[in-house]
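Encoded as structure tokens, the structure appears first; notes follow it.
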Number of protein chains: 2
Amino acid sequence: MNSFTEENYLKAIYKLSLNGVQGVSTNAIADKLATKPSSVTDMIKKLADKKLVSYQKYQGVNLTKKGSDVAVSIIRNHRLWEVFLVEKLNFKWDEVHDLAEELEHINTHKLTERLDEFLGFPKFDPHGDPIPDKDGNIIQHKDVTLSDLIRGEKAVVVGVKEHSKSYLNYLEQLQLVLGAEVEVKDIVEFDATMQILVNNKQVIISNQASKNLIVKKI
Amino acid sequence: MNSFTEENYLKAIYKLSLNGVQGVSTNAIADKLATKPSSVTDMIKKLADKKLVSYQKYQGVNLTKKGSDVAVSIIRNHRLWEVFLVEKLNFKWDEVHDLAEELEHINTHKLTERLDEFLGFPKFDPHGDPIPDKDGNIIQHKDVTLSDLIRGEKAVVVGVKEHSKSYLNYLEQLQLVLGAEVEVKDIVEFDATMQILVNNKQVIISNQASKNLIVKKI
DNA sequence: AATAAAATTTAGATTAATCTAAAAATATAA
DNA sequence: TTATATTTTTAGATTAATCTAAATTTTATT
Ligand SMILES: [Mn+2]
Ligand SMILES: [Mn+2]
Ligand SMILES: [Mn+2]
Ligand SMILES: [Mn+2]
């Protein structure tokens, strides 16, 4: 039906559209997929021919309903497989992304639904990202990050905006895993470096790190 | 490392070598993969460059140790995923082959080993085919088929040589599943059609069907 | 509004995998 | 041992996805 490559483009466009952008730019897609803008233009034309995106030269690209459905279904697969890998095969949360990138393209309705059932219809993946249900409905995070908090506020870690091994590994060392409670003790005015409390331990965390940690105030 | 296509060629050559053939022919590979002999020649050259097969023009092709290792590892993945689909996701034995054809190419050592462990180190897949262990050791069936039996002999079904949906479906209707006991009541001399007993029921089965059913005499 | 900078598209190549048609080598049969 | 048939390889095209370099369009800046 659609090639792996086409599916990856659709997913990238979907994610880049989440910030409310109207007309995702060629360069943004090229960046996200680590490819060249000229390659993106070629692929966009192909996706437009297949009615998966709407596109006018120089004006950026938008997913059609059809394209969005495909993207959401790939994301559903990805996140379900991540749950499987962590819950059933005991992988750590920093090891599953690349495997899920491959598994997500085995896009067979029956497999996805059976997997969902086997896993007990999970609502979130190991990184706190919401899993679309079988009709494609997805609850988006409100995206409050640790960096948004002010001195004295408390919150619970509910997700991450960055999925690199090094970031996830670092968070785990600091015990900043999903469900952890944090309290902001101090913020450096110059560069927004934070001093926080995690499990009664003082931790210093850069703005680079705190702005990628999604939290829920308590 | 190797593309899906290369892996499928290696697997095909491996399976065609099992009958003790020295030098698998271009046409045999083309048949198995439903492609053209000229395409096979091209791919063989590529695999030879990568030292995965040894090849001399017009003399057929053989896997090297390296090529054989890859093939066995793909087969291991394939069969483990089939067990997963049947045992954990409740698929039927006639539904899993095509899905496993895709899953087998996610060839990551750690994933395979974790899956094996999760499944309890199974020795056979849902079709009775042996699963290579993590060192690549594989116990080959002796390949006695129902059609080899004579009148009066009893046997247990232990595998199938043909994996098509229609064949597996048909077997299931006749209750000729793994573990079933059969007794040969009569054989038509003309075309080797068999009258057999399965669970106290009389069943008539063609030679075409009986020669693809692997059994163990009792 | 004119010019410079940035973003995007086009033109032309490349690589992997495939195909058809034709040529070459091997196997079979008279 | 020739002639015929079969198998295998080569030659030349095609399609998908990518790239570099050049041309075009849009955006930002004087
Ligand atoms: Mn991921
Ligand atoms: Mn995730
Ligand atoms: Mn199979
Ligand atoms: Mn099988």
Side-chain angles (χ1 to χ4, degrees), chain A residues 1-14 16-17 19 21-63 67 70-71 74 101-102 104-107, chain B residues 1-14 16-17 19 21-63 67 70-71 74 101-102 104-107:
Chain A
M1 186 71 174
N2 304 307
S3 68
F4 284 22
T5 311
E6 290 169 318
E7 290 179 349
N8 284 333
Y9 270 88
L10 293 173
K11 201 169 54 140
I13 297 165
Y14 178 87
L16 291 167
S17 301
N19 321 320
V21 186
Q22 253 301 305
V24 177
S25 80
T26 303
N27 270 0
I29 299 169
D31 266 18
K32 182 132 210 162
L33 294 176
T35 184
K36 301 293 167 185
S38 55
S39 306
V40 174
T41 302
D42 281 351
M43 179 55 77
I44 285 173
K45 286 178 182 168
K46 196 174 153 197
L47 295 175
D49 286 347
K50 295 177 83 170
K51 311 283 185 201
L52 292 162
V53 302
S54 61
Y55 166 65
Q56 280 173 257
K57 266 193 208 178
Y58 295 101
Q59 303 311 131
V61 68
N62 291 290
L63 292 178
V70 175
I74 303 299
E101 279 299 317
E102 303 197 51
E104 70 186 4
H105 299 291
I106 299 171
N107 196 16
Chain B
M1 186 70 177
N2 304 308
S3 69
F4 283 21
T5 309
E6 290 169 319
E7 289 179 349
N8 284 334
Y9 271 88
L10 294 173
K11 201 169 53 139
I13 298 165
Y14 178 86
L16 292 167
S17 301
N19 321 320
V21 187
Q22 254 301 304
V24 177
S25 80
T26 303
N27 271 0
I29 299 169
D31 267 16
K32 183 131 209 163
L33 295 176
T35 184
K36 301 294 166 185
S38 55
S39 305
V40 174
T41 303
D42 281 351
M43 180 55 78
I44 286 173
K45 286 179 182 169
K46 196 173 153 197
L47 295 174
D49 285 348
K50 296 176 83 169
K51 312 280 184 204
L52 292 162
V53 302
S54 60
Y55 166 65
Q56 281 174 257
K57 264 195 211 177
Y58 296 101
Q59 302 313 132
V61 67
N62 290 290
L63 292 177
V70 175
I74 303 298
E101 279 299 316
E102 302 197 52
E104 69 186 4
H105 298 291
I106 299 170
N107 198 14

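Because the structure is a prediction, the values reported are computed rather than measured.
- Between A:Phe4 and B:Phe4, the ring planes are perpendicular. Angles over 60° get that label, and only those under 30° would be called parallel.
- For B:Asn27 and C:dA27, the CG to P distance is 13 Å, given to the nearest whole Å.
- Each of A:Ile44, A:Leu52, A:Leu47 was checked for a side-chain contact (heavy atoms from CB on, under 4.5 Å) with A:Tyr9, and the lone residue meeting it is A:Leu47.
- A sub-4.0 Å separation between OP1 or OP2 of D:dA16 and a side-chain N or O of A:Tyr9 is absent.
- At the heavy-atom level, B:Thr26 lies under 4.0 Å from the strands shown only through sugar-phosphate atoms.
- Remark: P of C:dT9 and CD of A:Gln56 are 11 Å apart, rounded to the nearest angstrom.
- The structure places OG1 of A:Thr41 at 5.0 Å from OH of A:Tyr55, a figure rounded to the nearest 0.5 Å.
- The OH atom of B:Tyr58 sits 17 Å away from the P atom of D:dT6 (whole-angstrom rounding).
- Phosphate contact (OP1/OP2 of D:dT7, side-chain N/O of B:Lys57, threshold under 4.0 Å): absent.
- At a cut-off of 3.5 angstrom, the base of D:dT20 holds at least one donor-acceptor pair with the side chain of A:Ser38.
- Following rounding to the nearest Å, A:Leu33 (CG) and D:dT18 (C1') show an atom-to-atom distance of 13 Å.
- Heavy-atom contacts from other residues, nucleotides or ligands closer than 6.0 Å to NZ of A:Lys50 number more than 12.
- B:Val24 approaches B:Ile29 most closely through the heavy-atom pair CG1-CG1, 3.7 Å.
- Nucleic acid contact for A:Phe4: none, since no nucleic acid atom lies under 4.0 Å from a heavy atom of the residue.
- Here B:Thr5 lies in heavy-atom contact (under 4.0 Å) with sugar-phosphate atoms only.
- For B:Lys36 and C:dC19, the NZ to P distance is 6 Å, given to the nearest whole Å.
- Of the candidates C:dC19, D:dC19, D:dT9, the closest approach to any side-chain atom of B:Ser39 belongs to C:dC19.
- The nearest whole Å value for the distance from the CE atom in B:Met43 to the P atom in D:dT9 is 14 Å.
- Checking D:dT10, C:dC19, C:dA7 against every side-chain atom of B:Thr41, the shortest atom distance belongs to D:dT10.
- Mapped onto DNA chain D by nearest heavy atom, A:Gln59 and A:Asp42 fall at different nucleotides, with A:Asp42 at the one closer to the 5' end.
- Counting to the nearest Å, the C1' atom of D:dT18 and the CG atom of A:Asn8 are 15 Å from each other.
- The separation between B:Tyr55 atom OH and D:dT9 atom C1' is 7 Å, rounded to whole Å.
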